[in-house]
Protein chains: 2
Amino acid sequence: MKIVKVNSENYIELVEKMLNRGEDSFDKIDEIVEGIISDIRKRGDSALIEYTEKFDKVKLESLRVTEEEVKEAVKEVGEDFIRILEKAKANIVSYHEKQVEKSWMTNEGNGSILGQVVTPIERVGIYVPGGKAAYPSTVLMDAVPALVAGVKSIAMVTPPLADGKVNPYILASAYVCGIDEIYKIGGAQAVAALAYGTETIKPTYKIVGPGNIFVARAKRMVFGKVGIDMIAGPSEICIIAEDGDEKLIAADLLSQAEHDEMAASVLVTTSSDLAERVSKEVDVQLKSLPKCEMAQSAIDNQSAIFLVETLEEAFEVVNQVAPEHLEVMVDNPFEYLPKIRNAGAIFLGKYSPEPLGDYFAGPNHTLPTSGTARFSSPLGVQDYVKKSSLIYYSKDDLAGVKDDIITFAENEGLTAHANSIRVRF
Amino acid sequence: MKIVKVNSENYIELVEKMLNRGEDSFDKIDEIVEGIISDIRKRGDSALIEYTEKFDKVKLESLRVTEEEVKEAVKEVGEDFIRILEKAKANIVSYHEKQVEKSWMTNEGNGSILGQVVTPIERVGIYVPGGKAAYPSTVLMDAVPALVAGVKSIAMVTPPLADGKVNPYILASAYVCGIDEIYKIGGAQAVAALAYGTETIKPTYKIVGPGNIFVARAKRMVFGKVGIDMIAGPSEICIIAEDGDEKLIAADLLSQAEHDEMAASVLVTTSSDLAERVSKEVDVQLKSLPKCEMAQSAIDNQSAIFLVETLEEAFEVVNQVAPEHLEVMVDNPFEYLPKIRNAGAIFLGKYSPEPLGDYFAGPNHTLPTSGTARFSSPLGVQDYVKKSSLIYYSKDDLAGVKDDIITFAENEGLTAHANSIRVRF
């Protein structure tokens with residue numbers, strides 16, 4: 001793993017290079033995706049069935065997963081795994097319940113009232129990838145905040161396996177979340193179906209969940225017609241350490257590297273000794289991984305150990321990276337919280353490794369990637385609600401401000417706006 | 001104004017037709033916008049100056065508005081208008097302060113801590129349109145929530161007038177908000193500069209504010225590299241009334257119609273008598289408006305009076321429209337609040353006309369349009385902050401869940417994730 005000496009002159013450039021790692025031209029993919037979306041809008045279910053045959057090599061008799069199939073899946077994964085899913089779900093529910101925002105109203109004197117009403121989105125679609133990234137934890141992390149927010153109607157889509165079935169762990173996870181509207185479709189065609197609806201699938205108002213580049217581009221295209229959670233990029237981890245056990249640090253760096261050849265694992269440290277030890281240890285641990293080729297590519301290309309002079313500088317680098325996951329493995333990690341301005345999830349101390357957050361602790365594992373933590377947040381209850389502002393003015397209060405509003409409106413050249421006030425007096 | 005009888009069979013279709021009013025192909029515009037963005041990225045300031053000469057017909061000597069120009073503008077608009085701006089700003093601050101979300105942490109037993117840290121976005125860009133939609137209120141509504149959120153660095157862009165100056169009302173409004181970093185640029189080139197930076201302009205992390213179709217398409221293209229607030233569509237108002245004064249209702253319908261030929265003004269009523277009276281009154285009031293051609297086009301094309309049997313049905317129509325602005329002009333309007341599921345801003349009663357919200361009451365006037373209130377919210381403090389989740393586990397607590405996490409990770413085929421837990425014990 002390469003060690004890069006960082007100073008205040010070069011760190012922005014180094015980090016920028018890393019952040020732009022996912023920026024490519026998507027013209028060809030976009031053309032394909034546009035075609036698929038327009039086809040689903042025109043021909044609905046029959047186009048869905050055709051694309052599923054073409055891309056997933058499965059000829060579907062019906063789109064929807066049956067109750068029977070769910071029961072089978074629950075049996076197949078076994079009681080022990082269901083119990084683990086339920087424990088994880090309980091933790092995720094408990095964390096997300098703390099995010100719930102309440103509606104409010106305030107008295108503004110003279111009988112006027114202002115407020116903000118929070119309501120759940122009525123119907124959402126959850127995309128769950130198949131193939132190499134078919135994770136039951138995705139279902140929990142995308143569904144639980146919706147349930148906590150009070151979303152009444154949830155449609156889940158996930159591409160079928162070669163035998164026409166759905167990954168049983170995904171179905172078991174949906175079962176634990178009480179989701180029973182599940183369709184065996186994936187790719188851009190599934191996103192189009194969730195956005196525009198077909199004969200079988202009622203359109204949803206927001207689509208969440210990760211997916212491959214076709215899913216990501218399709219989500220971007222339907223954005224505006226429906227809401228989307230975020231455009232997920234490759235995963236990344238950033239670890240800050242002064243000194244420490246290279247075994248732990250290397251293991252944590254590799255836990256992200258095994259996700260994707262485009263993933264980035266970064267250690268920022270003040271110790272050149274630790275840098276050397278971690279670099280060697282990563283090589284050692286890499287060899288024993290089943291996904292070692294993928295991890296090797298991530299380590300070789302986007303990953304680095306940044307050597308800095310002070311912890312102060314380390315946090316500056318981190319804020320520039322704005323990592324999806326940040327592990328702060330220093331003594332007294334809480335002391336450094338105020339220095340962190342940009343990070344998706346912050347893991348403090350030696351016993352809070354990133355995988356704890358992926359499955360179990362409760363916070364969401366759907367996090368802003370590729371530097372988007374500079375302006376966006378982990379998936380949460382806020383993504384499944386919307387707000388309406390509320391205005392109730394008394395006649396007296398309106399009378400008190402009417403001249404100001406009329407002046408304001410006329411200065412903006414909006415006569416009808418001014419009239420709307422005038423006709424009331 | 002056309003009167004349409006609505007029943008449970010036809011209302012979804014009627015409304016869908018209206019909601020899709022803005023859906024067009026943007027291929028040609030996108031090509032132009034892509035070219036502009038790539039040019040700004042390559043050539044920075046010099047490209048900015050060229051495009052400003054081309055589109056705004058102004059040869060800029062320097063991009064930034066000077067202190068002197070701001071002072072002049074403040075003088076030009078006069079003390080009275082500054083006082084109105086300050087009053088409006090105080091109300092907007094007061095409302096948005098109630099939206100502030102606090103960071104939190106909870107003890108999870110055995111010494112573990114979970115939490116959510118809320119931090120302001122470090123630097124944002126505000127786009128303020130020039131031309132026919134140059135509104136000082138836009139500056140207040142986009143800047144105040146940023147100030148309340150604690151954003152440290154704000155860059156404002158707005159296209160220059162033909163004489164190379166900026167609309168004095170916009171500068172005065174920026175002055176009242178304490179914004180002193182203002183650039184005389186507009187269009188896709190300004191969006192590109194805010195997203196990628198140039199020699200003069202430091203890149204921002206999020207871009208907010210309305211604009212023409214070039215601005216909207218550019219925002220959509222840079223979305224992901226930076227955050228954006230929303231893609232604003234044409235404005236709309238929906239009024240629910242049982243009976244009432246046709247003069248008030250017509251004036252309020254026209255206040256949206258004068259914004260844009262693509263605007264939609266909708267009355268939903270149970271009274272055919274009121275429907276007739278409003279329809280006639282709209283024609284009368286229309287004639288006296290300076291922007292009567294624009295308003296006429298909006299009234300003729302996208303607008304309608306929907307006649308329903310019951311108020312229950314009226315609210316179903318409204319929830320389907322998901323209007324940007326909803327006026328509930330019935331007796332006891334608060335009683336009907338629980339029936340409203342989708343609306344950007346809700347105005348209750350006879351003395352809460354929509355223009356009150358545009359300028360003065362305090363809630364934001366940047367609202368979800370074209371049915372996007374089904375999944376999105378008014379601009380607010382939440383748009384200028386981001387959250388980080390926080391995980392601190394004690395050794396004991398991690399030991400208690402380590403086997404479950406390892407099982408979960410291995411079921412997902414993520415060996416390095418499992419290792420990251422294992423190496424700690």
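Quick note on labels: first sequence line is chain A, next is B, and so on, each numbered from 1. Bear in mind the structure is a predicted one, so any value in this text is a computation, not a measurement.
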Measure from the side-chain N and O atoms of [X] to the backbone N and O of [Y], and report whether any donor-acceptor pair falls under 3.5 Å.
{"X": "A:R220", "Y": "B:F223", "value": "yes"}
{"X": "A:S388", "Y": "B:A343", "value": "yes"}
{"X": "A:Y392", "Y": "B:F334", "value": "no"}
{"X": "A:K386", "Y": "B:R341", "value": "yes"}
{"X": "A:S420", "Y": "B:D252", "value": "no"}

Verdict with reasoning, B:R83 to A:D404, per salt bridge (charged side-chain N to carboxylate O under 4.0 Å, His left out): CA-CA 9 Å; B:R83 187 192 46 79; A:D404 289 338; 3.8 Å; yes
Partner set under side chain to side chain contact (heavy atoms under 4.5 Å, CB included) for A:V77, not counting sequence neighbours: A:F81, A:I82, A:P168, A:Y169, A:A172
Set of residues satisfying side chain to side chain contact (heavy atoms under 4.5 Å, CB included) with respect to B:T204, sequence neighbours excluded: B:R123, B:A155, B:L194, B:I207
Non-hydrogen side-chain atoms of A:I391 and B:P363 separated by less than 4.5 Å: yes
More than 12 heavy atoms of other groups within 6.0 Å of A:K98 NZ: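 It does: A:K98 NZ has more than 12 such atoms within range.
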Between B:S137 and A:E412: side-chain donor-acceptor atoms closer than 3.5 Å: yes
Check: A:Y351 ring centre within less than 6.0 Å of B:Y393 ring centre: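 No, the ring centres sit 6.0 Å or more apart.
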Parallel, tilted or perpendicular: ring planes of B:H259 versus A:H417, cut at 30 and 60 degrees: perpendicular
Side chain to side chain donor-acceptor pair (under 3.5 Å) between A:N342 and B:E122, worked out: CA-CA 9 Å; A:N342 302 315; B:E122 290 181 79; 2.6 Å; yes
Contacting moiety of A:L289, where chain B heavy atoms sit under 4.5 Å: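 Contact with chain B is through the side chain of A:L289 alone.
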Find the one option among [options] whose heavy-atom pairs under 4.5 Å with chain A are most numerous.
{"options": "B:Q382, B:Q256, B:K402, B:R422", "answer": "B:Q382"}
{"options": "B:S288, B:A399, B:G357, B:P136", "answer": "B:P136"}
{"options": "B:L356, B:L114, B:I231", "answer": "B:L356"}

Residue pair B:D358, A:L414: steps toward the side chain to side chain contact (heavy atoms under 4.5 Å, CB included) verdict: CA-CA 11 Å; B:D358 276 351; A:L414 296 173; 5.8 Å; no
